[in-house]
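First the structure, in the form of structure tokens, and then the observations on it.
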Number of protein chains: 2
Amino acid sequence: MTKRTVTIAEVAKHAGVAVSTVSYVLSGKRVISADTRRRVLDSVRALGYHPNAGARALASRRANVIALVLPLRAGMHVPVLMQFASSVVTAARGFDHDVLLLTADEGPGGLRRAVGSALVDGLVLMDVELNDPRVPLLRELAEPSVLIGFPADSAGLTCVDLDFAAAGRRCVAHLAERGHREVALLGAPAVVYERGTGFARRTREGFEAAIAEHGLRGVALPCEEAFAQVQATVRELLAARPGLTGLVVHNEAAVNHVLETLRQLGRRVPEDVAVVAICPDDVAERAGPPLTSVLVPAEEVGREAVRLLMDKLDGRAVPEATLLEPRLTVRASS
Amino acid sequence: MTKRTVTIAEVAKHAGVAVSTVSYVLSGKRVISADTRRRVLDSVRALGYHPNAGARALASRRANVIALVLPLRAGMHVPVLMQFASSVVTAARGFDHDVLLLTADEGPGGLRRAVGSALVDGLVLMDVELNDPRVPLLRELAEPSVLIGFPADSAGLTCVDLDFAAAGRRCVAHLAERGHREVALLGAPAVVYERGTGFARRTREGFEAAIAEHGLRGVALPCEEAFAQVQATVRELLAARPGLTGLVVHNEAAVNHVLETLRQLGRRVPEDVAVVAICPDDVAERAGPPLTSVLVPAEEVGREAVRLLMDKLDGRAVPEATLLEPRLTVRASS
DNA sequence: CTGGATTGTCGAAGCGCTTCGATTAAGGGC
DNA sequence: GCCCTTAATCGAAGCGCTTCGACAATCCAG
């Protein structure tokens with residue numbers, strides 16, 4: 001069907017116009033008469049023309065590609081990353097851009113190379129931590145960029161994330177509304193807090209602020225993910241706080257273990273203990289019972305990140321911080 | 001530090017050589033004296049030179065980029081995809097290639113565009129199903145490619161995957177060795193079999209072949225993922241087959257629910273029922289008790305896919321099918 | 001009518017790189 | 001010592017596209 005490789009010159013000849021006219025039809029950067037435009041587009045279709053990406057990038061100094069930079073230890077916090085990635089690609093395609101996948105494993109050289117070689121026009125960094133080593137590099141490169149997550153010093157950077165503090169508050173507010181007076185947060189494993197991962201800390205801060213505000217009693221505890229450890233944590237928690245009737249779980253790997261332990265201890269959910277989780281919807285829906293939850297809106301975060309980056313690439317001003325509102329879905333656990 | 005954008009001409013001037021000499025030093029395609037080479041490389045470093053990717057692609061007709069094509073409904077089978085992606089990127093970088101992320105959501109046009117515009121030199125398709133719509137397109141495009149997973153008709157295509165049939169057999173063999181005589185496979189949700197997803201079916205076939213071979217009694221059942229449904233399935237299974245003492249679970253979302261149900265029914269693992277899972281190591285390790293498991297070696301599959309693609313790009317012959325041997329890790333559940 | 005805008009199209013000059021001869025300088029056989 | 005290799009480097013011609021200035025044709029105010 002289509003010839004081996006069709007160039008703009010062949011399209012121009014086929015349509016009986018100059019090469020530059022074809023280019024202007026395709027880019028819309030100059031006015032071309034409707035008649036000519038139609039003929040050109042017909043030729044494009046007839047020949048199966050696709051502009052050569054390299055040539056275009058070279059001439060226009062725009063690759064129309066953005067980089068999506070994976071976090072360092074890809075092992076962590078994994079399932080949601082794929083959703084980010086997927087939505088970033090979809091959103092970018094909506095702006096006629098492609099997405100290059102980069103890992104931070106390659107070190108600073110990798111980013112420097114991608115930017116220096118003009119492979120990409122901008123960067124989206126996923127899962128940024130409080131003291132992320134990619135951040136100083138980013139400042140040095142001065143390439144348009146958007147971070148998913150907040151570093152310790154976010155001055156001058158464009159960051160997007162779910163408002164985890166609000167999510168923590170939202171969960172507590174929900175439990176307070178339901179009449180619970182003593183609650184607890186089971187969060188990420190201790191090592192995650194130590195590493196300074198923003199989302200874990202911010203949820204805890206939101207949780208603590210909200211229990212103060214609502215006049216509840218409560219604690220925030222880290223929570224490991226192995227069954228035996230979860231079991232021990234939950235046992236100790238309930239033993240230490242017999243009056244506890246509300247639980248916020250921000251740990252999707254542990255949440256099923258938490259539920260099982262409650263059942264083992266004879267605590268019914270939601271009659272004896274109400275549970276609210278911060279986790280993806282599929283985990284919440286599959287749990288027994290299905291969990292009232294706040295979702296990390298990966299889809300929306302990715303889309304927003306791309307939108308912001310496109311604004312920056314086009315020289316528009318963007319807000320430094322974009323925090324997405326948590327939405328709580330009530331299911332059977334509260 | 002580094003100037004705005006350094007070109008090869010500036011490097012050449014700085015080193016006192018011709019532009020082409022710099023190019024040959026960098027590509028190694030012609031012999032350059034050790035002395036000149038050193039001077040050129042010094043200049044490259046001093047100026048912070050990065051070859052412009054677009055120009056290079058245009059002149060050499062090689063983008064040094066491969067496409068990684070996500071499956072259609074990214075929702076399915078998700079966590080492992082990120083591991084694939086990550087290992088594909090790492091492997092590709094080892095061959096001095098970058099990775100462009102494409103979704104199948106964009107439809108055939110997306111692939112056609114990426115290939116037609118010479119954005120990419122080759123394709124890796126993730127999570128290929130038996131009747132994957134991307135496959136006919138791939139044949140039409142005739143672009144070097146490697147599939148992760150096997151379509152119904154894989155003639156002429158290069159495919160890589162874990163040998164799921166062998167994995168199913170391996171699990172049964174392990175249970176047979178431990179003296180179990182009646183076993184069952186709890187697999188993917190019914191809809192996955194109906195869609196014709198290769199890995200689910202092949203595991204079941206391996207399982208069925210192996211129980212025949214070892215003279216065991218057994219059934220293979222699909223398994224939904226919601227807690228209540230898993231519970232019902234396990235209850236019915238145990239009621240129908242009181243002599244059952246071995247379970248193979250090929251469903252990482254359901255496996256914790258299966259374990260809880262066994263506990264509820266008073267069946268101890270491994271004393272009363274042995275469980276072997278096909279799932280990522282982290283899920284197996286976090287379970288209670290930690291599960292004997294066969295891992296989907298995502299890391300290795302990704303690396304292998306890239307190696308094969310590079311061979312094809314360099315015109316080397318490659319085997320059509322590459323099946324990776326399953327490795328079984330014995331933990332506390334068998 | 002005429003002259004200055006406006007509209008639509010063309011041609012050519014790059015963008016930064018690779019690659020193909022061509023060229024020069026040594027090296028070696030006789 | 002001469003001629004033919006071989007080794008090392010150079011120069012120039014593109015690769016396919018965008019973009020700028022120029023130009024012809026059309027328009028409309030005066």
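Heavy atoms of other residues, nucleotides or ligands lying less than 6.0 angstrom from NZ of B/Lys312 number more than 12.
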Could you pull out all donor-acceptor pairs under 3.5 Å where a side-chain atom in residues 39-56 of chain B meets a protein atom, sequence neighbours excluded?
from	atom 1	to	atom 2	distance (Å)
B/Arg39	NH1	B/Ala15	O	2.7
B/Asp42	OD2	B/Arg38	NH1	3.4
B/Ser43	OG	B/His14	ND1	2.7
B/Ser43	OG	B/Arg39	O	3.1

Give every donor-acceptor pair under 3.5 Å between a side-chain atom in residues 17-32 of chain A and any protein atom, sequence neighbours left out.
from	atom 1	to	atom 2	distance (Å)
A/Ser27	OG	A/Ser23	O	3.2
A/Ser27	OG	A/Lys29	N	3.2

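Heavy-atom distances to DNA chain D give each of B/Ala59 and B/Ala18 a nearest nucleotide, and the one nearer the 5′ end belongs to B/Ala18. Nearest-nucleotide positions on DNA chain C for B/Tyr49 and A/Arg39 put A/Arg39 closer to the 5' end.
Nucleic acid contact for B/Ser20: base, since at least one base atom lies under 4.0 Å from a heavy atom of the residue. Among the heavy atoms of the strands lying under 4.0 Å from A/Ser23 is at least one base atom, whether or not backbone atoms are also near. A/Val17 comes within 4.0 angstrom of the backbone, heavy atoms only, and of no base.
Interface limits on DNA chain C: the 5'-most and 3'-most nucleotides within less than 4.0 Å of chain B heavy atoms are C/dG16 to C/dA22.
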All N/O pairs under 3.5 Å across the protein-nucleotides 5-8 of chain D interface:
none

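A donor-acceptor pair under 3.5 Å is absent between the side-chain atoms of B/Asp161 and the main chain of B/Phe199, judged by distance alone.
Over its full length, the helix from C/dC1-D/dG30 to C/dC30-D/dG1 turns its helical axis through 30°, comparing axes from the five pairs at each end and rounding to 10°.
Between B/Ile66 and B/Met310, some side-chain heavy-atom pair lies under the 4.5 Å cut-off.
The side chain to side chain contact (heavy atoms under 4.5 Å, CB included) test with B/Leu101 singles out one residue from A/Asp98, A/Val89, A/Val88, and that residue is A/Val89.
The stretch residues 108-117 of chain B has no heavy atom under 4.0 Å from DNA chain D, so no residue of it qualifies as close.
Ion pairing between a basic and an acidic side chain is recognised when a charged N comes within 4.0 Å of a carboxylate O; A/Asp132 and A/Arg139 show no such pairing.
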query = Could you go step by step and tell me if A/Glu300 and A/Arg303 meet the salt bridge (charged side-chain N to carboxylate O under 4.0 Å, His left out) rule?
reply = CA-CA 5 Å; A/Glu300 200 182 336; A/Arg303 209 169 39 231; 5.2 Å; no

